[in-house]
There are 2 protein chains.
Amino acid sequence: MATARDVARRAGVSTSTVSHVFNGTRGVSKKLRDRVLAASDELGFEPNIVARTLKTNQSRTLGFVVPDVNAFYIDVLRGVEDVAGAAGYAVMFCHTHDDPTQEQNYLRLLRARRADGIILSPAGTYHDELDRLSRSAYPLVLFDCSVPGLSADLVAVDNEPAAHMAVAHLIEKGHRRIGMVSGDYVFSSSERRVRGYRRALEEAGIPFDESLVVSGASRADLSRRAVLELMSRSPRPTALFVGNNQMTAGAMIALQELGLAVPDDVAYVGFDDVDWASFLRPQMTMVAQPTYEIGRTATQMVIDRIEGDPDRPARRVSLEAKLMVRESSGGGVSLAPASLAQTQDRTSSRRLPSERVVLAEAARRPRVRAAGPVRARQQPM
Amino acid sequence: MATARDVARRAGVSTSTVSHVFNGTRGVSKKLRDRVLAASDELGFEPNIVARTLKTNQSRTLGFVVPDVNAFYIDVLRGVEDVAGAAGYAVMFCHTHDDPTQEQNYLRLLRARRADGIILSPAGTYHDELDRLSRSAYPLVLFDCSVPGLSADLVAVDNEPAAHMAVAHLIEKGHRRIGMVSGDYVFSSSERRVRGYRRALEEAGIPFDESLVVSGASRADLSRRAVLELMSRSPRPTALFVGNNQMTAGAMIALQELGLAVPDDVAYVGFDDVDWASFLRPQMTMVAQPTYEIGRTATQMVIDRIEGDPDRPARRVSLEAKLMVRESSGGGVSLAPASLAQTQDRTSSRRLPSERVVLAEAARRPRVRAAGPVRARQQPM
DNA sequence: GTGAAAGCGCTAACAG
DNA sequence: CTGTTAGCGCTTTCAC
């Protein structure tokens, strides 16, 4: 492939002129600029980013690392790409398949390739590579949930109030025996959601019954078992709050196996909208996260860190979730058939059919609060 | 970050010894090797891949570019990562959101960053960047479908027989009026599928009725409209063959709107298994592609090209699809509740509930046939 | 407004 | 078995 030197020779100029033409880093006479452009065209020249990175020590690349691929992360990715693209960064997408070892590999790979910053939805716990990143003040922004022991920027939905809102909704519908399927406690988000569940019960004067919460069920197959278990309690719960979208899949199957109708036999509220939610009947009441906004915010934060002070104390941005009330909680307005515009929808959260937003809109100006490392450690989201 | 020189100084050796220790490219005495390793540990040294890439002109990185993210591509990605990882390549995942311009951007980005090769599911038509890639004999392997005018390695399901198999199945079930929703003709795969549909009809002596095929509907919302249209024909089709997984979503909604029951009012066969297929009732009869195998094969091919002769004529590998007969075509065995193992399933194609495989197993040894550029152009898959 | 030249951190002859 | 050294292709001082 042609190099800047080839172009320079052909245009009869120095390599530095070629460089300046392509980067606009200093004035170049129109005559020379035209000659350079012509020569570069003829040669099919494309500046070698690898060499540039070596020289400038910045790759204009961001790593985006997620444990899994589903609608939630894809929507977040959209926000990431939009902000990154506008700021001249390319995005390297890495998918760890829920494997912390893979996560380490990808983080190392990104660091070795001199990605300028990393946006990460952690697969679980703290590990060496995270330690190294944090120690070297590598621009790193977490989203979705925090990692205990790690002080880093974070953008996430405030899970406690989100869960509270969901459970309060069920209580309002008259339910008093509400089962909860929770994700694995390695995720700080799971714990926060259980906490919101508890608070909603307490506020309604309903005693907390430990046997109605099954945790450690982040995967679909485990959540199926969790629901089978919950539904064997007597008296049987009349409502179910299920902690994430993967788990909704398993939960639905369990209910079908048991022959329980939603919402007549059990009311249902899930977490995270999923693309197939619209095809389920009844339509699902769900806590929806402002996915696109999460992506935008996280990217802005990582760029701030790259281009600003890398030693600034960690920030935490919390965004609000919305409760999309539909049929499965017995509270929805049953409307026209599901909307189909999802795949095109580039606005904040995915558009949803027959929805009635219960809580406030997702904050447009996310509340930002500073938090020192210690505080961050004590208040997982 | 520490460099090889820092390590060398600290260990009292030359940089070349450091390099050889890390690459195993020549013998190093145990004494020196230990000193190097110790020094590198103390300094937290990580070889700078950017510099290495500049020097060696190979990045050990592969680009994986897809138009969309869904279960199909994620499964393919698994195969890609496994083979690439085993061969020491990292994978850079790029998602073009169905936008050919984005595709160009990503291809350029990959080339500028010196990815060693690219695995691409094209978003549509030929464009400049593809031209440049092909002209410079850049290692490129297409999968899923070909691009007219572009001669490149290709691995794809043989779409014509796959569609034929699906439609023949419906005919066998007694249907004679079968509607088809086809993807956009910019995809060679769409055209091949329609061809298979026609052949199945012809073989059964059923006249081809143009009004029963609606094309250009690769997106969910368009396929909904397509189904509404098809179902307004009189007499109404008694069966439907729908050309890809995105379209199944829209089709299901249309049928629900019309209040038509599957398979009693309309029999249904879709293309591509999707993760939410198991939650639909009735369970869907689908043409399933050997996704994992497609990923493995494509990656092997691109690595062959990188490490072998870049000017070898283009090869085309075709893999066989399977027909998973379930309830929606009225032909299934209704079995136990849907399997939940999908997300863990790392074997060839995703495990499927209540399935009866109709055609032969996906070929274990993919048939490879050489094809010169001209022939490749004339025989899109 | 332009060019010469010194590296960025690594690898790989080449020389010992 | 080990060290010296010349680049890979670019950016960026420095000098004109």
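By convention in this document, chain letters (A, B, ...) are assigned in the order of the sequence lines, proteins followed by strands, and residues within each chain are numbered from 1. Predicted model only: the values in this text are computed from it and were never measured.
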* Asked: Please give, in whole Å, the distance from C/dC10 C1' to B/Asp6 CG?
  -> 13 Å
* Any side-chain heavy atom of B/Tyr89 sitting closer than 4.5 Å to one from B/Val302? -> no
* Rounded interatomic separation in angstrom, taking CG from B/Asn48 and C1' from C/dG7 -> 14 Å
* Residues A/Glu103 and A/His127: side-chain donor-acceptor under 3.5 angstrom -> yes
* Asked: Out of C/dA12, C/dA5, C/dC10, which has the shortest distance to the side chain of A/Ser16?
  -> C/dA5
* Asked: Touch check for A/Phe45, heavy atoms < 4.0 angstrom, all strands: base, sugar-phosphate only, or nothing?
  -> sugar-phosphate
* B/Thr61 and A/Arg113: side chain donor to acceptor below 3.5 Å -> yes
* Describe, in one word, how the ring planes of B/Phe143 and B/Phe64 are oriented to each other, choosing from parallel (under 30°), tilted (30 to 60°) and perpendicular (over 60°). => parallel
* Euclidean distance, atom CZ of residue B/Arg9 to atom P of C/dG9 [Å, nearest integer] -> 11 Å
* Are any of the side-chain nitrogens in A/Asp34 or A/Lys30 under 4.0 Å away from the carboxylate oxygens of its partner? -> yes
* To do: Would you mind classifying the nucleic acid contact of B/Val28 as base, sugar-phosphate or nothing, using non-hydrogen atoms under 4.0 angstrom?
  => sugar-phosphate
* Asked: A/Leu54 CG to C/dG7 C1': how many Å, rounded?
  -> 9 Å
* Asked: Base, sugar-phosphate alone, or nothing: which one does B/Ile49 contact when heavy atoms must sit under 4.0 Å apart?
  -> nothing
* **Separation of atom CZ in A/Arg26 from atom C1' in C/dG3, rounded to whole Å** => 8 Å
* **Whichever of B/Lys30 and B/Thr56 has its nearest DNA chain D nucleotide further upstream toward 5'** => B/Lys30
* OP1, OP2 of C/dT11 versus side-chain N and O of B/Arg52: anything below 4.0 Å? -> yes
* To do: Between C/dG9, C/dT11, C/dC8, spot the one nearest the side chain of B/Ser19, thanks.
  => C/dT11
* Which part of the nucleic acid, if any, lies within reach of A/Asn57 when heavy atoms closer than 4.0 Å are counted: base, sugar-phosphate only, or nothing? -> nothing
* To do: Please work out if A/Val13 contacts a base, only the sugar-phosphate, or nothing of the nucleic acid, heavy-atom cut-off 4.0 Å.
  => sugar-phosphate
* To do: I would like to know whether A/Leu120 and A/Val147 meet side chain to side chain contact (heavy atoms under 4.5 Å, CB included); could you show each step before the answer?
  => CA-CA 11 Å; A/Leu120 167 71; A/Val147 175; 5.8 Å; no
* For A/Lys55 and for A/Ser14, locate the closest nucleotide of DNA chain C by heavy-atom distance; then report the residue assigned to the nucleotide nearer the 5' terminus. => A/Ser14
* With B/Asp6, which residues qualify under salt bridge (Lys or Arg N to Asp or Glu O under 4.0 Å), at least two apart? -> B/Arg9
* **Span of DNA chain D, from the first to the last nucleotide whose atoms fall under 4.0 Å of chain B heavy atoms** => D/dC1 to D/dG9
